[in-house]
Amino acid sequence: MAVRITSDQIHELEAAANRVHERDLDALRAQLADRGVDTEAVIREVQRFSVAAPSWALGTGGTRFGRFPRGGEPRTTDEKLDDVAALHALTGANATVSLHVPWDDPEDPAALRAYADELGIGFDAMNSNTFQDNPSTTGAGVSYKFGSLAHSDPDVRKRALEHNRAVIDLGVELGSTALTVWLADGTNHPGQADFRRQFERVADGLRELHEALPSEWELLVEHKPYEPAFYSTVNSDWGSSLLLAQHAGERTRCLVDLGHHLPNANIEQVVSRLAMVGRLGGFHFNDSKYGDDDLTVGSIHPYQFFLIVHELVAHGDGAMPPVRYMIDASHNLKDPVEDLVQATDRIQCTIAQALLVDRAALRDAQDANDPALAEDLLHDAFRSDVRPLVAEARRRNGAALAPLAMFRRVGYRAAVTAERGDDAASTGL
Ligand code: RM4
Ligand code: MN
Ligand code: MN
């Protein structure tokens, strides 16, 4: 019997904490009212927001130097859904899961969908995997060692397209409406392949995929500058990604993984550009110090993350615009669910902070060429402690005031470890 966390249970366990919360909330409300902030609007927007959990990050991640699994990892996609349901109960903001195929390879998609429905979880973008050979998708005589959609061999390209189409078919059965394509295609050695021919093959492959999209579906292309390809990547940056999206068709948009930029890239400006031309498709939230570190979003560069969310809220005219929000992380040390709780909390807090920016005053300061004032307007919002507003949004959604503490209090990991065992291995990163 799966372990469930319920709103009633949370409510009961947090009864005593409510008084302190209300005191903090009243104090903050009074302060923000003086600044002319509509706190109810901020709470409502945080309540409305949801971010998909990555199915591939519910188990322990690893590096090429090792992996240190913990107990109670989900053994099946059903058990991954159980973990997402627990996460959603705690945060009120993870109503969907993003699957990765064939790491997730359900035998009975209708049954999986029915189970997700029962848990109140939906399916966000599907992810295809043509970066690993897998007998069930690659087949005999074909390998992605030298690429997939960019491969010189038409058979390999055909197989990669077939896999992507199969992922779309599975997504249709699950009620998803998007496919995210991240390719490892590239080169490790100068001269290994022709940049242009590789790019053209990928562009044509994506166009074929676009043609195969059901109505209501969109295709997301995700760029990444390096890894596993160490010399060149076909979809290496937002410019390449935009070219690919434009070539593929109008329902193809660019997905921005926050860890997929070379050091010091101005990601908030990338977001602004893509949004401006209607090609911003979604996000993979995470943070990084050096490369694609897949650390908790906001843990290394919280101000940069704030500036990104500020661009979004400005673009959405005071609301998070309707693109796809997903977390993409790898949990080598932390409990995966704990990290996802933290990531979701950081996103919720950053949305609340970005909503505090006085955008009319900012525009005036920009037009008056007053960079000091403009910066202070951002700084005032970023320095605000919005945690009581976020806790209130969660409380109103039936979730926890303090989700990490609640996760520990209900003993979720111990309970699932008793059920799933100490050495359960999850598929994924
Ligand atoms: C990649 C990229 C993709 C993810 C894989 C597992 O670096 O971020 O989004 O699907 O990792
Ligand atoms: Mn990603
Ligand atoms: Mn990545």
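One-based numbering, in listed order, for ligands and for the atoms of each.
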Point to revise | Exam field: side chain Glu208 to backbone Gly205, donor-acceptor pair closer than 3.5 Å | key: no
Check your understanding: Of the options Thr138, Asp185, Asn129, Asn164, which is the one that meets Ser148 in a side-chain hydrogen bond (donor to acceptor under 3.5 Å, both in side chains)?
Key -> Asp185
Revision key, fill the gap. The protein N, O or S atoms lying under 2.8 Å from the Mn ion (ligand 2) are Glu222 OE2, Asp257 OD2, His284 ND1, Asp328 OD2
Exercise for review: Over 60° means perpendicular and under 30° means parallel, so classify the ring planes of Phe230 and Tyr226, tilted if in between.
Suggested key: tilted
Study note, to complete from the structure: At a 4.0 angstrom heavy-atom cut-off, ligand 1 is contacted by His100, Trp103, Trp182, Glu222, Lys224, Asp257, His260, His284, Asp292, Asp328, Leu429
Point to revise | With Glu40 via salt bridge (Lys or Arg N to Asp or Glu O under 4.0 Å) - residues at least two apart | key: Arg29, Arg396
Practice item. To the nearest 0.5 Å, tell me how far Leu28 CG sits from Leu389 CG. Key: 4.5 Å
**Study point:** Mutual orientation of the aromatic rings belonging to His100 and Trp103 [parallel < 30°, tilted 30-60°, perpendicular > 60°]
**Key:** tilted
Review point. Taking C-beta and beyond as the side chain, do Phe305 and Val297 meet within less than 4.5 Å on heavy atoms?
Key: yes
Point to revise | Within residues 149-160 or reaching into it, pairs that qualify as side-chain hydrogen bond (donor to acceptor under 3.5 Å, both in side chains) - sequence neighbours excluded | key: none
Exercise for review: Please examine the side chains of Leu174 and Leu170, heavy atoms only from C-beta on, and report whether any two atoms are closer than 4.5 Å.
Suggested key: yes
